[in-house]
Colleague: 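Got a structure for you, questions after.
Note that the structure is predicted; figures quoted are calculated from it, not measured. Below, read A as the first sequence line, B as the second, and so on, with proteins coming before strands; counting in each chain starts at 1.
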2 protein chains.
Amino acid sequence: MTTGQKVSFQDIRNEVLARIQQRVWVPGSLLPTEHELAEEFGCARATVNRAMRELADRGIIDRKRKSGTRVNISPVKQATFEISIVRQTIEDMNAVYRYSLVHRSLNQAPAWLRAQLDLEDAAQVLHLNCMHYSDNRPFQFEERWINTAAVPSVVDADLTDTGPNEWLLTEIPFSNAEIAFTAVSADSKLSDFLATPTGTPLFQMERTTWFQDTPVTFVRMTFHQGYQMSTRY
Amino acid sequence: MTTGQKVSFQDIRNEVLARIQQRVWVPGSLLPTEHELAEEFGCARATVNRAMRELADRGIIDRKRKSGTRVNISPVKQATFEISIVRQTIEDMNAVYRYSLVHRSLNQAPAWLRAQLDLEDAAQVLHLNCMHYSDNRPFQFEERWINTAAVPSVVDADLTDTGPNEWLLTEIPFSNAEIAFTAVSADSKLSDFLATPTGTPLFQMERTTWFQDTPVTFVRMTFHQGYQMSTRY
DNA sequence: CAGTGGTCTAGACCACGGT
DNA sequence: CCGTGGTCTAGACCACTGG
């Protein structure tokens with residue numbers, strides 16, 4: 001339903017999407033120009049532009065100067081997952097969050113980690129093992145390495161009450177990261193911490209974080225058995 | 001580097017982001033109004049608005065009418081994965097794609113599937129098992145159920161050469177979906193098809209697809225051992 | 001070279017939501 | 001009430017790119 005007054009960019013976005021879904025405009029075909037659409041909908045070109053830009057961002061259409069706008073032929077769908085801190089995730093499920101620092105040590109970075117983070121040979125890292133509980137049941141086991149050169153203050157940080165993720169966020173907000181998801185088999189350590197038999201398939205997320213080209217941390221988060229990550233699009 | 005001429009929304013976006021990362025504006029604090037920023041950068045308010053809107057979309061800042069714009073205090077990061085058709089994924093790795101239809105049958109929908117897709121009791125579904133190979137090595141095992149009421153033509157479709165995903169996309173473009181990722185253990189069937197020992201941890205993706213509120217298909221895709229899904233943000 | 005999308009402007013009105 | 005962001009307009013110039 002239009003508001004009756006002006007044509008909103010959402011009206012146009014929805015209408016164009018509807019026409020694509022109803023195959024008025026089929027994949028690969030050329031859509032009218034912004035100018036033509038503006039005329040049809042009786043609005044400014046900027047309004048059409050915003051509507052079309054959103055559809056292009058979603059991968060529905062493909063736009064090129066001069067050649068025009070086409071319905072995307074190979075639909076690359078984008079699934080967006082909201083990655084928040086563990087505490088948030090757990091509290092959002094109305095469960096009680098508990099955190100525990102299991103291990104803490106200051107080491108020379110092992111070779112694989114130096115490669116992963118692109119660190120110098122003598123680089124020092126803070127190695128942490130933590131557990132996150134939801135209603136007192138194991139939720140996630142976190143194994144983390146922090147490049148102390150990037151965050152010197154972490155050496156003196158008290159991480160017994162606050163998890164390293166939350167602590168780092170206060171120091172280094174909005175960094176860049178690379179995330180990877182895998183399935184792993186519970187080894188004896190994971191089996192102990194996550195209270196599940198050895199060999200259980202577990203969902204694992206690895207994340208490498210940089211702050212302005214400086215590698216900050218690498219973390220491996222393994223979730224309890226049966227954990228599922230989902231989203232809509 | 002600015003282009004020297006006008007101030008672009010990207011310049012503003014980057015500058016604001018930089019100030020947040022450099023803690024000129026710390027999480028929770030109030031940013032200048034659009035009007036003030038427009039004055040500072042010497043541009044129109046619309047330009048500032050676009051820059052800020054992008055930051056808000058990324059979850060960096062939080063905007064509210066009247067109360068203003070604040071640096072987000074609980075950074076909900078969005079990880080975006082590009083979900084394309086299997087063939088595309090494989091060909092993007094410069095590997096040779098091969099597809100094989102393993103099983104095809106027309107059944108009454110089992111109870112769990114009726115629940116999953118919200119189907120009527122007597123609903124009929126096309127049940128398919130397919131394999132996707134990358135350079136002749138098992139890449140993904142696909143188990144799919146299609147609601148024939150939603151796509152009657154699928155019953156007569158020839159799916160021996162083209163995978164059901166690609167076929168469906170030509171019929172029902174740009175539908176809505178819900179995706180879930182999990183880790184599973186290879187049972188004997190998965191073990192056979194994916195050429196991996198029983199008990200191997202495998203990465204699995206389930207997707208339910210609707211077309212305008214009509215449930216279309218439910219698919220379970222299990223990847224070969226060691227498969228990893230990754231992205232940057 | 002010319003057509004199409006990309007962006008910016010200056011101004012306007014509106015909607016939400018604190019005070 | 002009234003400040004702040006949300007959106008639309010009409011017009012302009014620019015950048016890319018296909019012919």
Colleague: Less than 6.0 angstrom from the centroid, inside 45 degrees of the normal: does R220(B) satisfy that with respect to the ring of W112(B)?
Modeller: yes
Colleague: When the distance from CG of D62(A) to P of dT17(D) is rounded to whole Å, what number comes out?
Modeller: 12 Å
Colleague: Looking only at the side chain of R63(B) (C-beta and beyond, no hydrogens), which of the listed nucleotides dT7(D), dG6(D), dT9(D) gets closest?
Modeller: dG6(D)
Colleague: CD of E39(A) versus P of dG11(D): gap in Å, rounded?
Modeller: 13 Å
Colleague: Would you say R50(B) places a side-chain N or O within less than 4.0 Å of OP1 or OP2 belonging to dT7(C)?
Modeller: yes
Colleague: OP1 or OP2 of dT9(D) versus the side-chain N and O atoms of T47(A): is any pair under 4.0 Å?
Modeller: yes
Colleague: Using the benzene-type ring in the case of Trp, are the ring centres of F203(B) and F181(A) under 6.0 Å apart?
Modeller: no
Colleague: Rounded to the nearest angstrom, tell me the gap between atom CD in E54(B) and atom C1' in dG6(D).
Modeller: 16 Å
Colleague: Atom CD of E34(B) to atom P of dT7(D): distance rounded to whole Å?
Modeller: 10 Å
Colleague: Taking atom CZ of R19(A) as the centre, does the number of heavy atoms from other residues, nucleotides or ligands within less than 6.0 Å exceed 12?
Modeller: yes
Colleague: Would you find more than 12 non-hydrogen atoms of other residues, nucleotides or ligands less than 6.0 Å from E91(B) atom CD?
Modeller: yes
Colleague: Please verify the inter-ring angle class for Y97(B) with Y99(B); under 30° counts as parallel, over 60° as perpendicular, anything in between as tilted.
Modeller: parallel
Colleague: What integer distance in Å separates D11(B):CG from dG6(C):P?
Modeller: 18 Å
Colleague: So does G163(A) get a backbone contact from the side chain of E166(A), meaning a donor-acceptor N/O pair under 3.5 Å?
Modeller: no
Colleague: Round to a whole Å and report the spacing from CZ of R13(B) to P of dC8(C).
Modeller: 10 Å
Colleague: Tell me which one of N147(B), V155(B), T148(B) satisfies side chain to side chain contact (heavy atoms under 4.5 Å, CB included) with L126(B).
Modeller: T148(B)
Colleague: Under 4.0 Å between any heavy atoms, over every strand shown, what does Q10(B) touch: base, sugar-phosphate, or nothing? Just pick one.
Modeller: sugar-phosphate
Colleague: In whole angstrom, give the distance that lies between atom CZ of F9(B) and atom P of dA15(D).
Modeller: 14 Å
Colleague: NE2 of H35(A) versus C1' of dG5(C): gap in Å, rounded?
Modeller: 13 Å
Colleague: Hey, does the side chain of N49(B) come within less than 4.0 Å of dG5(D)'s phosphate (OP1/OP2), counting only N and O?
Modeller: no
Colleague: Closer than 4.0 Å, any side-chain N/O of T69(B) to the OP1 or OP2 of dG5(D)?
Modeller: yes
Colleague: Do side-chain atoms of S8(A) reach the backbone of D11(A) as a donor and acceptor pair under 3.5 angstrom?
Modeller: yes
Colleague: Any N/O pairs under 3.5 Å between the protein and nucleotides 13-19 of chain C? List them or say none.
Modeller:
residue	atom	partner	partner atom	Å
dA15(C)	N3	R65(B)	NE	3.2

Colleague: To the nearest 10°, give me the bend of the helix from dC1(C)-dG18(D) to dG18(C)-dC1(D), comparing the axes of its five terminal pairs at either end.
Modeller: 10°
Colleague: Please answer whether the main-chain N or O of S175(B) pairs with a side-chain N or O of K77(A) as donor and acceptor at a distance below 3.5 Å.
Modeller: yes
